[in-house]
Colleague: 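Mind looking over this structure? Questions follow.
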Protein chains: 2
Amino acid sequence: MNKTKEKILNIAERLFGEQGYGATSLRQVIAEAGVNLAAVHYHFGSKEELLDAVVLRGASPLNEERIALLEHYEGEAAPAPVAVEKVLHAIVAPTLMKLKRSPQFAQLMGRLLGEGLMPGMLGRHFKPTVDRFIGAMRRSLPDLPQEELFWRIQFMFGAMAQTLLGRHLFPEALGGPADTSEVVDRLISFLAAGFQAPVPQFAKDQEK
Amino acid sequence: MNKTKEKILNIAERLFGEQGYGATSLRQVIAEAGVNLAAVHYHFGSKEELLDAVVLRGASPLNEERIALLEHYEGEAAPAPVAVEKVLHAIVAPTLMKLKRSPQFAQLMGRLLGEGLMPGMLGRHFKPTVDRFIGAMRRSLPDLPQEELFWRIQFMFGAMAQTLLGRHLFPEALGGPADTSEVVDRLISFLAAGFQAPVPQFAKDQEK
DNA sequence: GTCTATACTGAGATAGAC
DNA sequence: GTCTATCTCAGTATAGAC
């Protein structure tokens with residue numbers, strides 16, 4: 001790939017993740033990358049499309065990993081459905097492991113959910129994977145009403161996003177540099193119970 | 001209160017919530033409010049301090065409501081600890097009810113939480129309430145290790161933030177204009193199970 | 001004490017020379 | 001492909017009118 005383009009992508013990924021998309025200026029990016037401002041617009045078109053390129057580059061391997069893991073679990077369990085915990089592991093573990101290998105990108109993903117930029121991003125880069133995951137979850141929890149399942153998945157994304165952002169809410173209480181695999185276990189335990197929680201009565205009624 | 005100041009606060013609350021803080025310009029605010037640009041800086045000092053004022057105005061009654069509800073449940077249960085579901089209700093219900101009365105402010109809070117809470121916002125406007133809530137939760141779940149409790153609270157804030165942002169992730173699947181009290185029930189059922197989930201083995205070991 | 005007018009710096013974007 | 005110059009609009013600061 002083009003050298004200039006790649007340098008821009010690398011610096012942008014880091015700065016967007018560290019400071020947030022809105023708080024990072026293109027001029028900051030080009031200064032650190034040592035390229036010209038117009039080069040950004042030549043290669044990417046706009047600041048938002050640059051973000052899109054950053055997300056695409058990071059999301060592709062992540063999504064492949066998630067699908068591969070899910071298929072592994074499906075093969076293991078077939079013809080029975082995969083256990084809820086394993087479905088959760090297939091989506092949560094690769095995501096949080098990114099925190100280790102590329103903390104900037106992981107943080108960026110956490111931020112995007114909050115900055116309201118995710119809806120479009122989700123559609124462009126994560127939809128097929130998310131749909132695949134929803135299907136697996138539906139087979140694992142056949143009695144859970146459709147709508148309730150979607151709500152719970154939204155709750156899950158929220159919890160994941162918050163986790164990707166780090167220990168920012170309670171920096172003192174969650175002191176140690178928490179081993180990632182431990183956080184994965186904590187999150188999965190929490191989510192698995194949530195997904196298997198009793199369905200509120202009205203939600204059962206709504207189901208036909 | 002001053003008429004100009006109030007108009008700025010109202011418009012800013014709406015625009016920050018609808019478009020996000022970063023995507024909203026002060027010039028847009030003053031245009032809709034029909035005031036001069038410098039009036040913003042006279043009354044608030046800066047764009048960030050304006051946001052702070054907006055959050056303060058909305059957070060105060062919200063926090064009072066949460067504390068009152070929690071104390072009501074505590075009085076009801078005393079001397080026993082409050083049930084987990086009720087503690088959750090005391091913090092979740094007033095927050096989501098804001099979606100009805102002031103959707104813009106609720107959306108704004110969702111964004112801020114997801115974004116990392118604009119460093120300091122949590123400390124300045126929500127810390128006493130959150131501490132109060134953590135104490136109640138600790139009494140309700142005396143066997144849950146400290147660190148695990150904090151992680152779960154962080155997961156909870158993530159799920160809440162995502163809920164405050166609305167149905168943006170699955171606009172088609174979560175179609176209907178969902179009655180707020182129903183969403184509260186869904187969220188509490190999910191969270192209550194999560195808080196009472198088994199603690200991962202290593203986390204038990206860490207506890208002395 | 002309140003507000004208006006205006007100027008300053010830095011942002012993202014674009015056209016056109018090389 | 002790359003860079004200079006320039007445009008518009010952002011947040012901010014201040015002087016001075018009421």
Side-chain angles (χ1 to χ4, degrees), chain A residues 1-57 104 108 111-112 114-121 124, chain B residues 1-57 104 107-108 111-112 115-121 124:
Chain A
M1 194 196 297
N2 183 298
K3 215 63 181 292
T4 302
K5 202 171 168 182
E6 206 165 348
K7 268 193 290 187
I8 296 173
L9 273 175
N10 289 337
I11 303 287
E13 178 178 73
R14 204 189 79 234
L15 294 181
F16 285 164
E18 282 174 4
Q19 316 174 341
Y21 169 75
T24 301
S25 73
L26 286 184
R27 284 172 163 87
Q28 207 179 344
V29 173
I30 60 136
E32 293 203 28
V35 303
N36 187 277
L37 175 60
V40 175
H41 291 95
Y42 172 74
H43 285 291
F44 301 98
S46 70
K47 188 185 178 186
E48 203 170 334
E49 285 170 289
L50 169 59
L51 171 64
D52 209 73
V54 167
V55 173
L56 174 63
R57 193 180 64 159
Q104 315 88 356
L108 175 59
R111 282 183 194 279
L112 291 182
E115 280 192 62
L117 293 166
M118 208 48 181
M121 239 24 123
R124 280 195 294 282
Chain B
M1 195 197 294
N2 184 300
K3 214 63 180 292
T4 301
K5 201 172 169 181
E6 205 165 350
K7 268 192 289 188
I8 295 172
L9 273 175
N10 289 336
I11 304 287
E13 178 178 75
R14 204 188 78 234
L15 294 182
F16 285 164
E18 282 173 4
Q19 316 175 339
Y21 170 74
T24 301
S25 74
L26 286 182
R27 284 172 163 88
Q28 205 180 345
V29 173
I30 60 134
E32 293 203 28
V35 304
N36 186 277
L37 176 58
V40 174
H41 292 93
Y42 172 73
H43 286 290
F44 302 98
S46 70
K47 188 185 179 186
E48 203 171 334
E49 286 171 289
L50 169 58
L51 172 63
D52 209 73
V54 167
V55 172
L56 174 63
R57 193 181 63 161
Q104 315 89 357
Q107 234 189 321
L108 175 60
R111 284 186 196 278
L112 294 182
E115 196 172 329
L117 236 148
M118 296 309 257
M121 224 43 111
R124 280 196 295 284

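Any value given below was found using the heavy atoms of this structure, including those in side chains, with hydrogens, waters and symmetry copies removed. Every chain is numbered from 1 and lettered A, B, ... according to where its sequence line falls, protein lines coming before strand lines.
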Colleague: Is a side-chain N or O of B:Arg27 found less than 3.5 angstrom from the main chain of B:Leu37, in a donor-acceptor match?
Modeller: no

Colleague: Between A:Arg14 (side chain only) and A:Gln104 (backbone N and O only), is there a donor and an acceptor less than 3.5 Å apart?
Modeller: no

Colleague: Check whether any side-chain nitrogen or oxygen of A:Thr4 sits under 4.0 Å from OP1 or OP2 of D:dT2, and answer yes or no.
Modeller: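 Yes, A:Thr4 has a side-chain N/O under 4.0 Å of OP1/OP2 on D:dT2.
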
Colleague: If you define the side chain from C-beta out and look only at heavy atoms, does anything of B:His43 sit under 4.5 Å from B:Leu9?
Modeller: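 When only atoms from C-beta onward are counted, B:Leu9 and B:His43 do not touch, as no gap falls below 4.5 Å.
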
Colleague: What is the distance, to the nearest angstrom, from the NZ atom on B:Lys47 to the P atom on C:dT9?
Modeller: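 To the nearest whole Å, that distance equals 21 Å.
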
Colleague: Looking only at side-chain atoms of B:Asn2, point me to the closest of C:dC3, D:dT12, D:dG1.
Modeller: C:dC3

Colleague: With a 4.5 Å cut-off on side-chain heavy atoms, are A:Leu51 and A:Leu108 touching?
Modeller: yes

Colleague: Using whole Å, what does the distance between atom P of nucleotide D:dT2 and atom NZ of A:Lys3 come to?
Modeller: 12 Å

Colleague: Under 4.0 Å between a side-chain N or O of A:His41 and OP1 or OP2 of C:dT14?
Modeller: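 Answer no for this pair, as no side-chain N or O of A:His41 is under 4.0 Å from OP1 or OP2.
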
Colleague: Check nucleotides 4-8 of chain C against the protein and report each pair of N or O atoms closer than 3.5 Å, with its distance, or say if there are none.
Modeller:
unit_1: C:dT4; atom_1: OP2; unit_2: B:Asn36; atom_2: N; d: 3.1

Colleague: Would a 4.5 Å heavy-atom cut-off, applied to side chains only, mark B:Phe16 and B:Leu50 as touching?
Modeller: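 Yes, their side chains come closer than 4.5 Å.
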
Colleague: Quick one: A:Leu26 CG to D:dA10 P, roughly how many Å, whole number?
Modeller: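 Checked: the CG to P distance equals 17 Å.
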
Colleague: Please state how far atom NZ in A:Lys7 lies from atom C1' in D:dG1, giving the value in whole angstrom units.
Modeller: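 So the two atoms are 14 Å apart, to the nearest Å.
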
Colleague: Could you please name the option among D:dT12, C:dC3, C:dA13 that lies closest to any side-chain atom of B:His43?
Modeller: C:dC3

Colleague: B:Ile30 CD1 to D:dA10 P: how many Å, rounded?
Modeller: 9 Å

Colleague: Flag this pair as yes if the NZ/CZ of B:Lys47 is under 6.0 angstrom from the six-membered ring centre of B:Tyr21 and inside a 45 degree cone about the axis; otherwise no.
Modeller: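 Yes, a cation-pi geometry.
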
Colleague: Can you tell me how far P of D:dG11 sits from CD of B:Glu49, to the nearest Å?
Modeller: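 Going from B:Glu49 (CD) to D:dG11 (P), I get 15 Å.
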
Colleague: Quick check for you: to the nearest 0.5 Å, what is the distance between A:Glu13 atom CD and A:Glu18 atom CD?
Modeller: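 Going from the CD atom of A:Glu13 to the CD atom of A:Glu18 covers 10.5 Å.
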
Colleague: Within the structure provided, determine whether A:Ile8 and A:Ile30 are in side-chain contact (heavy-atom separation under 4.5 Å).
Modeller: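 When only atoms from C-beta onward are counted, A:Ile30 and A:Ile8 do not touch, as no gap falls below 4.5 Å.
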
Colleague: Could you walk me through whether A:Arg57 and A:Asn10 satisfy the side chain to side chain contact (heavy atoms under 4.5 Å, CB included) test, starting with their C-alpha distance in whole Å, then the side-chain angles of each, then the deciding distance to 0.1 Å, before giving a yes or no?
Modeller: CA-CA 10 Å; A:Arg57 193 180 64 159; A:Asn10 289 337; 2.9 Å; yes

Colleague: Using the C1' atoms of five pairs at each end, what's the angle between the two axes of the helix from C:dG1-D:dC18 to C:dC18-D:dG1, to 10 degrees?
Modeller: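 Axis angle across the helix from C:dG1-D:dC18 to C:dC18-D:dG1, nearest 10°: 0°.
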
